[in-house]
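Below is one structure; the comments refer to it alone.
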Protein chains: 2
Amino acid sequence: MADFPSPMGTASVTADLVVLTVQDNELRVLLVRRGIEPHRGAWALPGGFVLADEDLDAAAVRELREETGLTAPVGHLEQLASYGAPGRDPRGRVVTVAYLALLPHLPAPVAGSDAEGAAWVALPVGELAFDHARILADGVERARAKLEYSPLATAFCPPEFTITELREVYETVWDARLDPRNFHRKVTSTPGFVEPVGRSVAADRGRPAQLFRRGPTHLLHPPMLRPTP
Amino acid sequence: MADFPSPMGTASVTADLVVLTVQDNELRVLLVRRGIEPHRGAWALPGGFVLADEDLDAAAVRELREETGLTAPVGHLEQLASYGAPGRDPRGRVVTVAYLALLPHLPAPVAGSDAEGAAWVALPVGELAFDHARILADGVERARAKLEYSPLATAFCPPEFTITELREVYETVWDARLDPRNFHRKVTSTPGFVEPVGRSVAADRGRPAQLFRRGPTHLLHPPMLRPTP
DNA sequence: GCAAAAGTGTTCGTACTACACCCATGA
DNA sequence: TCATGGGTGTAGTACGAACACTTTTGC
């Protein structure tokens, strides 16, 4: 820690995660049930303290791996915002750096050391510990906005996916209905968004769908447009 | 500070500011020359420690007021990102929460207590202390992107401005040339972007320009488009 | 063949681009 | 009246919305 005086004294720094996934046409967030005070028994965002010699991003990656068991670099992780209101943690001054993770649907999550359990909870969720409801709302809003101008909807999909699966991601996150025909044309004609794998996947009924994987672009030109309600 | 053990121990938290303005068709950033070690004599972003009972946003507002002498709520201030690499400050663990401020051109800045001087420096700037070059780059990129879909270009203008002044803001921040005729039509026809004041301002030459103030919208529909080079 | 889902073509309206043109002022 | 910058009209083009239609499978 710092070996010099400052007006603040010092604070603890945590990395908290808004981990979103799409499952059964629902947007779900990974929550843990707190096993320790404060807010014991309440739902909270997963997260934990940043280690002494650890960068913020590294702490987020570590927490994500600990909570999900993820090893392969799938999905997407980015810094969301920081929250440091003086009274947000009754134990003292805690500043949290929140991260947003978008993942394809994964098997059951594992509980961390200080959590009694973890679960994928469909939105909207009820009460959350600390100011985590606000952090979650900011993360969801960020995710909704980013689907417009970035190809991050593919982060919610497995490595190979159909255009219909991608459209259902948009429809779920935006809570909107999109025209399947126009969506298909737009996605496949936006340079670098998706690339055809060359294989098809059989469906229960109807014509088999082509498989795609995510393309090289990080910015969509032109962007996807959210319907105006 | 926290009265409980954590794996990290604790860190100092600072609020640093990327304060941008447009002056003489140049994008300029407010920098201070450091009067204390480390990096004494080097240019740095203005900022300082978050106080013990102070929210992060409040610290940013306070630092902005101390550095610029601003009292009226003009311009725009938003959180940018946080930076906490272990070695970024040689004095110890310091996590900084960076803020982005967009201001109209103001009189000469004032120096803070731990700074020998402050100045508006045109971009690109040279070497900066700590990791401030990275923070500045992130702030400039954020500003460039936000001009597309938000009316924040008006934050660079005085309360009443002409369409030409607004266009010069876009041209300066984007380093691009925009057609004056189409720009005028688009800005005045985008709902809520600008509102006519009803008065004109005399020019040295040519027809006087109408004065406008910023409108109520926080999101531009349709967005302004950066020319594709 | 029929149902169902994937994918294509076509029409129409809106919005951007480029540039011709008019307007209002100072000298 | 000329120069200069402010502001409008208009044709061509690109793209999204809506929807008719074709394709490919299982039963």
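No hydrogens, no waters, no symmetry mates; every other heavy atom, side chains included, goes into these values. Just so we're on the same page: letters track the sequence lines, and every chain starts at 1.
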Review point. Can you check the B:R226 CZ to C:dC16 P distance for me, whole Å?
Key: 17 Å
Review point. CG of B:L220 versus P of C:dC16: gap in Å, rounded?
Key: 11 Å
Point to revise | Length of the line joining B:F183:CZ and D:dG5:P, which is rounded to integer Å | key: 18 Å
Check your understanding: Does a nitrogen or oxygen in the side chain of A:T164 sit under 4.0 Å from OP1 or OP2 of C:dA6?
Key -> yes
Check your understanding: Nearest to the side chain of A:R205 - D:dG16, D:dG7, C:dA5?
Key -> C:dA5
Review point. Taking NZ, NE, NH1 and NH2 as the nitrogens, is one of them in A:D138 or A:R134 under 4.0 Å from a carboxylate oxygen of the other?
Key: yes
Check your understanding: Nearest to the side chain of A:A209, which nucleotide is it out of C:dT8, D:dG6, C:dA6?
Key -> C:dA6
**Study point:** For atom CZ of A:R177 and atom P of D:dG16, their distance in whole Å
**Key:** 21 Å
Review point. Looking at B:H76, B:E141, B:E78, which one forms a side chain to side chain donor-acceptor pair (under 3.5 Å) with B:K146?
Key: B:E78
Review point. Is the closest side-chain donor-acceptor distance between A:Y83 and A:D16 under 3.5 Å?
Key: no
**Study point:** 5' precedence on DNA chain C between B:P223 and B:D179 (nearest-nucleotide basis)
**Key:** B:P223
Review point. What integer distance in Å separates B:I163:CD1 from D:dG7:P?
Key: 7 Å
**Study point:** Value in whole Å for how far the C1' atom of D:dG6 lies from CG of B:D204
**Key:** 14 Å
Exercise for review: Report yes if the side chains of B:F212 and B:T188 come closer than 4.5 Å at any heavy-atom pair, otherwise no.
Suggested key: yes
**Study point:** Candidate nucleotides D:dG7, C:dT8, C:dC16, ranked by approach to the side chain of B:P222 - the nearest
**Key:** C:dC16
Practice item. Return no unless some side-chain N or O of B:T188 is found under 4.0 Å from OP1 or OP2 of D:dG7. Key: no
Revision key, fill the gap. From CZ of A:R207 across to P of C:dA6 the rounded distance in Å is 10 Å
Review point. According to a strict under-4.0 Å criterion, is B:K186 in side-chain N/O contact with OP1 or OP2 of C:dC16?
Key: yes
Practice item. Could you work out which one of C:dA24, D:dT25, C:dA6 sits closest to the side chain of A:P208? Key: D:dT25
Review point. In whole angstroms, how far is the P atom of D:dG6 from the CG atom of B:L211?
Key: 12 Å
Exercise for review: Choose from D:dT24, D:dC19, C:dC19 the nucleotide whose nearest atom is closest to any side-chain atom of B:N182.
Suggested key: C:dC19
Exercise for review: Using a cut-off of strictly less than 4.0 Å, decide whether B:H184 has a side-chain nitrogen or oxygen near OP1 or OP2 of D:dG6.
Suggested key: no
Review point. Do the rings of A:F130 and A:H132 sit parallel, tilted or perpendicular, given the 30° and 60° boundaries?
Key: tilted
Revision key, fill the gap. Checking C:dA6, D:dG16, D:dC19 against the side chain of A:R181 (C-beta onward), the nearest is D:dC19
Point to revise | From D:dA17, C:dC16, C:dA18, nucleotide with atom closest to B:R185 side chain | key: C:dA18
